[in-house]
Amino acid sequence: MTEILAVGETKFLTIERTTVEDAEGGFNHDVKIYEIDIAGATDVKSFDWLQGVDYTPVSKRLVLDVKPAEVVDYVDNLETIAWGPELENGNRSLVIVSDNNFGDTQLTQFFAVEVLS
C-alpha cells in the first residue's frame, strides 16, 4: 500500500500495487484502488502481533483496477492519489500519479478520473 486518502470519518481510498518483471526485462504494474472502512474494525495498537488474537479487520472493496486502456499504452508505477477539482456535474475528481524516480526508464504520469457516488 503506497497511499491512503480520506473519504470520510471512517472511509479511505488506498492504492495497492505490485510490479513484476516481464520476459523482455520490462515491468508490468498491477495497480488497484480500494475503499476501506475502519468502522467496526478492532483497534490493534495494543497487540504485539495478531496471530492467535480474535479481531475484526477493516472492510475493503475494489473501486478501480488500473490497467492500460486504448487511451494509454502503458501504466507506470502509480503510487499516489489526491482529490482533484469538483467537476461541472458536481462529482469529485481523483488524480492518480506516478513519478519517474529520477530515471530514464520510468514515466511521470497523471490520470484524472471522475468519482461516481
Mind running side-chain contact (heavy atoms from CB on, under 4.5 Å) on Q109 and L78 for me, showing each step along the way? CA-CA 8 Å; Q109 292 179 309; L78 301 173; 4.2 Å; yes
Go through the steps to decide whether L94 and L13 satisfy the test side-chain contact (heavy atoms from CB on, under 4.5 Å), and finish with yes or no. CA-CA 10 Å; L94 184 71; L13 293 178; 4.1 Å; yes
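- The hydrophobic clustering, which links ILVMFWY residues whose side-chain heavy atoms are closer than 4.5 Å, places Y34 and V31 apart.
- Between atom CD of residue E114 and atom CG of residue L87 there is a gap of 5.5 Å, rounded to the nearest 0.5 Å.
- Annotation: D48, atom CG; neighbour count of heavy atoms from other residues, nucleotides and ligands within 6.0 Å does not exceed 12.
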Where do E35 and T14 land on the side-chain contact (heavy atoms from CB on, under 4.5 Å) test, with the steps shown first? CA-CA 6 Å; E35 179 185 74; T14 66; over 6 Å; no
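- Residues I33 and I81 meet the side-chain proximity criterion, which asks for heavy atoms closer than 4.5 Å.
- Counted by atom type alone, S98 and N77 present zero donor-acceptor pairs between their side chains at under 3.5 Å.
- Using a distance-only test at 3.5 Å, with no hydrogens or angles considered, a donor-acceptor pair links the side chain of S93 to the main chain of P85.
- F111 and V63 fall within a single hydrophobic cluster, where Ile, Leu, Val, Met, Phe, Trp and Tyr side chains are chained together by heavy-atom contacts under 4.5 Å.
- Transitive grouping of hydrophobic side chains (ILVMFWY, heavy atoms separated by less than 4.5 Å) brings I38 and I4 into a common cluster.
- Under a hydrophobic clustering in which Ile, Leu, Val, Met, Phe, Trp and Tyr are joined whenever their side-chain heavy atoms come within less than 4.5 Å, directly or via other members, L64 and V7 fall into the same cluster.
- Looking only at distances, no side-chain donor or acceptor of T56 sits under 3.5 Å from a matching main-chain atom of T42.
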Worked check of side chain to side chain donor-acceptor pair (under 3.5 Å) between D99 and T108: CA-CA 4 Å; D99 66 51; T108 298; 6.0 Å; no
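- In this structure, T80 and T2 have side chains that are not in contact, with every pair of non-hydrogen atoms separated by 4.5 Å or more.
- A salt bridge is absent between R17 and E3: the closest approach of a Lys/Arg side-chain nitrogen to an acidic carboxylate oxygen does not fall below 4.0 angstrom.
- Without hydrogens or angle criteria, W83 side chain to L5 main chain gives no donor-acceptor distance under 3.5 Å.
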Run L116 and N91 through side-chain contact (heavy atoms from CB on, under 4.5 Å) and show every step you take. CA-CA 7 Å; L116 303 175; N91 289 339; 3.6 Å; yes
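- At a threshold of 4.5 Å between side-chain heavy atoms, the hydrophobic network of Ile, Leu, Val, Met, Phe, Trp and Tyr places V44 and V53 in one connected group.
- The existence of a salt bridge linking K32 and E16 is excluded, since no basic side-chain nitrogen approaches an acidic carboxylate oxygen closer than 4.0 Å.
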